[in-house]
Amino acid sequence: MIFGNLSQVVLGVLLNGLGLLGLVIVTGRVRHRWRAERDARLAAQARPWLLALIGGDDDVAEPLDRLSALGRREWRAIMPSALTLLAQVRGQGHDALALLFDRRGLAGDALRGLSARGAVARADAAYVLGLLGRIEAVPRLRRLLGDRDPQVRAVAARALGQIGDPVAAPDLIGCLSGARQVPAHIVVQALILLGPPARPALVAALARGEAPVRAVVVDVLGFTGGYAGSAEAVPALARAVASDPAEEVRARAARALGKMGTRECLDPLLDATDPAYPEAVRAEAARALGELGAVEAVPVLRDLLGAPGYRVPHSAAEALRELGPPAWEALRVAAADAEGPAGGGPVAAHAREALAVVELRRGVRPPVGAVARVRPPSGH
Amino acid sequence: MAIVLVAEDDSDIRDLIVFKLEQAGHTVLPAENGQVALRVAAGRTPDVALLDVMMPGMSGLDVCRALRERPETARIPIIMLTARAQESDVQTGLQAGADDYIVKPFSPRDLTQRVETVLARAGT
């Protein structure tokens with residue numbers, strides 16, 4: 001009897017509990033939906049002013065005033081769109097948005113947010129400061145590169161690149177090694193955004209960093225090489241090609257010289273085709289000569305077609321292919337120089353393959369069987 | 001003034017482009033993805049198309065190729081809009097039949113000018 005009553009009571013409590021839980025869930029969902037609809041309505045009201053602020057050419061005073069005067073709720077509704085557009089537009093539209101965020105005190109909030117307890121809040125703050133390009137945030141963002149959270153470190157690195165203060169270059173390079181690293185591609189992008197003023201730090205890192213760091217550094221020097229004033233970068237890369245302890249760094253430095261594309265890059269690359277250099281470095285140097293567009297390199301590249309192995313002659317043929325008509329003539333001579341029973345040895349085969357690509361690019365399809373592709377040995 | 005097809009999956013960016021082009025006096029056909037863009041273009045032939053490269057499902061490059069295959073849109077100017085600025089991506093876009101490339105982040109004013117430039121070049 002007692003047990004019967006007890007089970008009824010338990011059942012009743014359970015049913016009431018379930019009913020209450022259902023009510024809480026339904027109420028929560030209704031409330032969430034109502035809020036989403038309200039925010040969408042508020043955002044829709046403010047949206048024309050936001051578009052007028054970003055897209056309006058010169059007369060942005062009224063939209064700026066309207067958006068600055070929005071209530072807290074209205075601003076919260078339109079802010080995600082404003083942040084998205086801040087990341088996607090440049091020029092006057094970006095400047096107008098940055099002014100709006102200034103007026104709304106977002107930069108101050110973000111600066112305070114860099115010290116927040118939560119990693120998401122710190123990352124959000126760094127993201128906003130990067131978008132706004134706030135130079136006063138640089139010292140604190142540099143400290144965030146050592147944050148315990150890897151996402152925060154990555155966002156801080158991106159933000160430092162966006163702000164573009166070269167003082168951050170050594171810290172960014174430092175993130176490539178150690179216990180608290182940032183993925184190399186993020187660091188590379190940030191360093192490229194810092195541009196030529198970051199070069200002294202990059203050159204210094206070439207002299208003392210670890211091999212993986214040096215490899216990334218030579219890549220960045222190659223990417224930023226198009227800018228004027230590459231005087232300090234070319235000798236540093238030439239030294240890396242000639243004498244870096246790591247073969248991978250030497251090969252990447254040769255590639256970087258090819259990307260830089262200045263006249264001073266020619267001699268170090270020609271030197272690096274010498275048989276005294278490792279095969280990987282010679283192959284990269286040959287390919288880089290093609291990228292450099294140096295017609296003076298044609299005789300050297302033509303000789304390299306006869307180098308032993310696969311990589312060096314193949315790269316030399318690719319480079320000749322890129323150098324235009326004078327180099328194509330050298331390829332034709334090599335292709336016609338039949339040495340074997342099948343119409344030529346490896347030299348002719350490399351040359352024919354390169355010429356076939358030239359023809360394809362011109363829209364001419366070579367006859368079937370005209371090209372015996374040189375197969376790389378296994379491991380290439 | 002011209003009819004401009006705008007395919008962009010991000011509604012904020014799409015709205016901004018529509019606003020800017022309408023402000024310049026053009027009629028805009030907005031589309032939130034590639035399939036919708038092709039449907040819209042089939043209903044009303046645009047004078048120029050502005051296509052985001054990275055859209056879910058059908059990419060801007062796919063839309064570009066499809067527009068080039070249709071006789072009525074085969075010759076319209078096409079501008080690609082993308083966050084990818086590498087040379088190889090530009091080449092891929094141009095090989096797909098695009099006439100011009102705009103890289104994000106973009107200047108809304110430049111975008112309008114680029115649209116008008118390709119229209120002038122096409123004689124529209």
Non-hydrogen side-chain atoms of B/P108 and A/R90 separated by less than 4.5 Å
no
How many angstroms lie between CG in B/D12 and CG in A/L50, if you round to the nearest 0.5 Å?
8.0 Å
Give a yes or no answer on whether the side chain of B/K20 reaches the backbone of A/G55 with a donor-acceptor pair at less than 3.5 Å.
yes
Turns out that what part of A/L51 lies under 4.5 Å from chain B's heavy atoms comes down to both
Who passes side chain to side chain contact (heavy atoms under 4.5 Å, CB included) against A/P197, sequence neighbours left out?
A/P166
Is it the side chain or the backbone of A/S81 that comes within 4.5 Å of chain B heavy atoms, both, or neither?
both
CG on B/D10 to CG on A/L85, rounded to 0.5 Å:
7.5 Å
Please state whether the side chain, the backbone, both or neither of B/T112 comes within less than 4.5 Å of a heavy atom of chain A.
neither
Is the number of heavy atoms from other residues, nucleotides or ligands within 6.0 Å of CD (A/Q151) greater than 12?
no
Look at atom CZ of B/R70 and say whether more than 12 heavy atoms of other residues, nucleotides or ligands are closer to it than 6.0 Å.
yes
Using heavy-atom distances under 4.5 Å, tell me whether B/F106 contacts chain A through its side chain, its backbone, both, or neither.
both
Side chain, backbone, both or neither of A/A87 within contact of chain B (heavy atoms, under 4.5 Å):
backbone
